[in-house]
Engineer: 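Would you mind keeping the following structure in view while I ask a few things?
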2 protein chains.
Amino acid sequence: MNFDDKIPIYYQIENYIYHEIITGALKPGEKLPSVRQLAVDVTANVNTVQRALSEMITAEIIESKRGRGNFVTMETAKIDQLKVKLVTAQLERVYDQLHALNLSDDEIVTSLQQYIQQRGQAK
Amino acid sequence: MNFDDKIPIYYQIENYIYHEIITGALKPGEKLPSVRQLAVDVTANVNTVQRALSEMITAEIIESKRGRGNFVTMETAKIDQLKVKLVTAQLERVYDQLHALNLSDDEIVTSLQQYIQQRGQAK
DNA sequence: CCTAGTGTTATATTTTACTATTACACTATA
DNA sequence: TATAGTGTAATAGTAAAATATAACACTAGG
């Protein structure tokens with residue numbers, strides 16, 4: 001896993017696992033890979049991975065069973081809320097950043113459309 | 001200045017000053033506040049501010065004159081390039097994040113439009 | 001020439017993040 | 001009962017970021 005050196009590694013691991021859960025790569029009730037396995041997979045220390053998981057446990061997105069594993073919550077409402085929260089956070093962030101560069105609302109939408117179009121053609 | 005504790009402070013200061021330059025709050029050729037003044041303004045250490053400025057000097061967005069001050073570059077092409085770079089980076093980031101959540105291109109644009117609409121109504 | 005203000009750098013300390021290593025507690029299975 | 005695998009936590013060391021403090025070099029103006 002490639003880490004952005006501007007953001008704490010545990011935070012990026014957390015975000016990555018949230019993505020796995022939201023997209024259904026990890027389903028409600030499904031067991032996560034063990035802490036040790038995840039550490040190997042993402043190339044980080046066990047304690048760093050455990051740091052990420054702890055926050056996810058606190059957020060009630062995963063449940064921990066000592067000796068058994070960590071499991072994705074069965075409460076799909078929580079996963080839906082998590083998705084909304086992450087999507088909104090991203091939109092808010094990009095909007096604030098571009099708005100702060102004096103782009104109008106229309107310009108923000110248009111530049112995203114143009115960016116997507118360019119991406120499509122780059123493939 | 002409110003700092004995001006997930007991102008290095010010098011990096012946020014750099015980004016903040018780039019915004020001032022791109023929006024014209026700081027104009028080409030204009031002198032920046034002194035390092036000591038900036039440190040007070042943003043509530044950070046002089047060395048941290050100097051760290052931010054050093055990167056901007058290396059990027060040739062500002063010019064340093066020891067004993068006189070730091071000045072915004074007169075080359076507006078560089079400022080234009082910086083704007084494009086920052087805008088593109090933001091769009092890339094939000095696109096990657098939302099794409100990784102399995103939103104389609106249309107959904108990404110639509111959710112941004114809806115977000116902006118909601119923002120307008122919340123005021 | 002002196003002073004105030006400027007940028008730049010160095011040193012030391014603190015804080016936070018990360019790693020390496022080890023060990024403990026729990027669980028399931030043979 | 002023993003073993004392998006699980007989660008959790010502790011300790012120690014390293015690195016990066018941030019701060020505090022001090023000092024040096026340059027500039028402009030009185």
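Letters go in sequence order (proteins before strands), and every chain restarts at 1. Being a predicted model, the structure only gives us computed values, none of them experimental. In what follows, every heavy atom counts, from backbone to side chain, and hydrogens, waters and symmetry copies are set aside.
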Engineer: Where do A/Leu101 and B/Lys83 come nearest, in terms of heavy atoms and distance?
Structural biologist: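 Looks like O-NZ, 4.1 Å.
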
Engineer: Using only modelled atom types and a 3.5 angstrom limit, is any donor from either the side chain of B/Asn45 or the base of D/dA20 paired with an acceptor on the other?
Structural biologist: yes

Engineer: Between D/dT8 atom P and A/Met56 atom CE, what is the distance in whole Å?
Structural biologist: 12 Å

Engineer: Under 4.0 Å, heavy atoms only, any strand: does A/Ser34 hit a base, just the sugar-phosphate, or nothing?
Structural biologist: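 The answer is sugar-phosphate, as A/Ser34 gets under 4.0 Å only of primed atoms, P, OP1 or OP2.
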
Engineer: Could you tell me how far apart A/Phe71 (CZ) and C/dT27 (C1') are, to the nearest whole angstrom?
Structural biologist: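 So the two atoms are 10 Å apart, to the nearest Å.
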
Engineer: Counting side-chain heavy atoms from CB outward, which of C/dC18, C/dA28, C/dT8 is closest to A/Arg68?
Structural biologist: C/dA28

Engineer: Taking OP1 and OP2 of D/dT19, is either one under 4.0 Å from a side-chain nitrogen or oxygen of B/Thr48?
Structural biologist: yes

Engineer: Starting at atom CD of B/Glu14, determine the distance to atom P of D/dA18, rounded to an integer number of angstrom.
Structural biologist: 12 Å

Engineer: Can you check whether B/Tyr10 has a side-chain N or O nearer than 4.0 Å to OP1 or OP2 of D/dA18?
Structural biologist: no

Engineer: Identify whether any heavy atom of A/Asn47 sits under 4.0 Å from a base atom; if not, whether one sits that close to sugar-phosphate; answer base, sugar-phosphate or nothing.
Structural biologist: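 It contacts base atoms.
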
Engineer: Can you figure out which of C/dA17, D/dA17, C/dA25 approaches the side chain of A/Arg66 most closely?
Structural biologist: C/dA25

Engineer: Evaluate the side-chain proximity of B/Glu55 to B/Tyr10: yes if any heavy-atom separation is below 4.5 Å, no if none is.
Structural biologist: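 A side-chain contact exists here, since the closest heavy-atom pair is under 4.5 Å.
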
Engineer: Map A/Asn70 and B/Thr43 onto DNA chain D by nearest heavy atom, then report which one ends up closer to the 5' terminus.
Structural biologist: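 The residue closer to the strand's 5' end, by nearest nucleotide, is A/Asn70.
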
Engineer: I'd like to know whether OH of B/Tyr16 has more than 12 heavy-atom contacts from other residues, nucleotides or ligands below 6.0 angstrom.
Structural biologist: no

Engineer: Between C1' on D/dT6 and CD1 on A/Ile57, what's the gap in Å once rounded to a whole number?
Structural biologist: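 Between C1' of D/dT6 and CD1 of A/Ile57: 13 Å.
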
Engineer: Would you call B/Met56 and B/Ile17 a side-chain contact if the rule is heavy atoms closer than 4.5 Å?
Structural biologist: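 Yes; the side chains approach each other to less than 4.5 Å.
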
Engineer: If I take atom CD in residue A/Glu63 and atom C1' in nucleotide D/dT6, what distance separates them, rounded to the nearest angstrom?
Structural biologist: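 Between C1' of D/dT6 and CD of A/Glu63: 16 Å.
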
Engineer: Is there a donor-acceptor contact under 3.5 Å from the side chain of B/His19 to the main chain of A/Gln97?
Structural biologist: yes

Engineer: Look at B/Arg119 together with A/Asp96 and state whether they make a salt bridge at an N to O cut-off of under 4.0 Å.
Structural biologist: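 Salt bridge flag = yes for A/Asp96 with B/Arg119.
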
Engineer: Starting from the 5' end of DNA chain C, give me the residue, A/Lys65 or A/Ala44, whose nearest nucleotide shows up first.
Structural biologist: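 First, find each residue's nearest nucleotide; the 5'-ward one identifies A/Ala44.
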
Engineer: Whole angstroms only, please: what is the CG-P distance between A/Leu38 and D/dG7?
Structural biologist: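 So the CG-P distance, A/Leu38 to D/dG7, works out to 8 Å.
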
Engineer: Looking at D/dT8, C/dA17, D/dT19, which one has an atom nearest to any side-chain atom of A/Arg51?
Structural biologist: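 For the A/Arg51 side chain, the nearest candidate turns out to be C/dA17.
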
Engineer: Students often get this wrong, so: under 4.0 angstrom with heavy atoms, is B/Arg36 touching a base, only sugar-phosphate, or nothing?
Structural biologist: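 Answer is base: heavy atoms of B/Arg36 come under 4.0 Å of a base.
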
Engineer: Between B/Ser64 and A/Gly67, which has a closest nucleotide on DNA chain C that is more 5'?
Structural biologist: B/Ser64

Engineer: Look at the side chain of A/Gln50 and decide which nucleotide, out of C/dT19, C/dT8, D/dG7, has an atom nearest to it.
Structural biologist: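 That would be D/dG7.
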
Engineer: Heavy-atom nearest nucleotide on DNA chain D for A/Asp5 versus A/Leu32: which residue maps closer to 5'?
Structural biologist: A/Leu32

Engineer: Please report, rounded to the nearest Å, how far the C1' atom of D/dA17 is from the CG atom of A/Asp4.
Structural biologist: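 After rounding, the reported distance stands at 15 Å.
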
Engineer: Could you state the atom-to-atom distance from CD of B/Glu55 to C1' of C/dT8 in whole Å?
Structural biologist: 16 Å

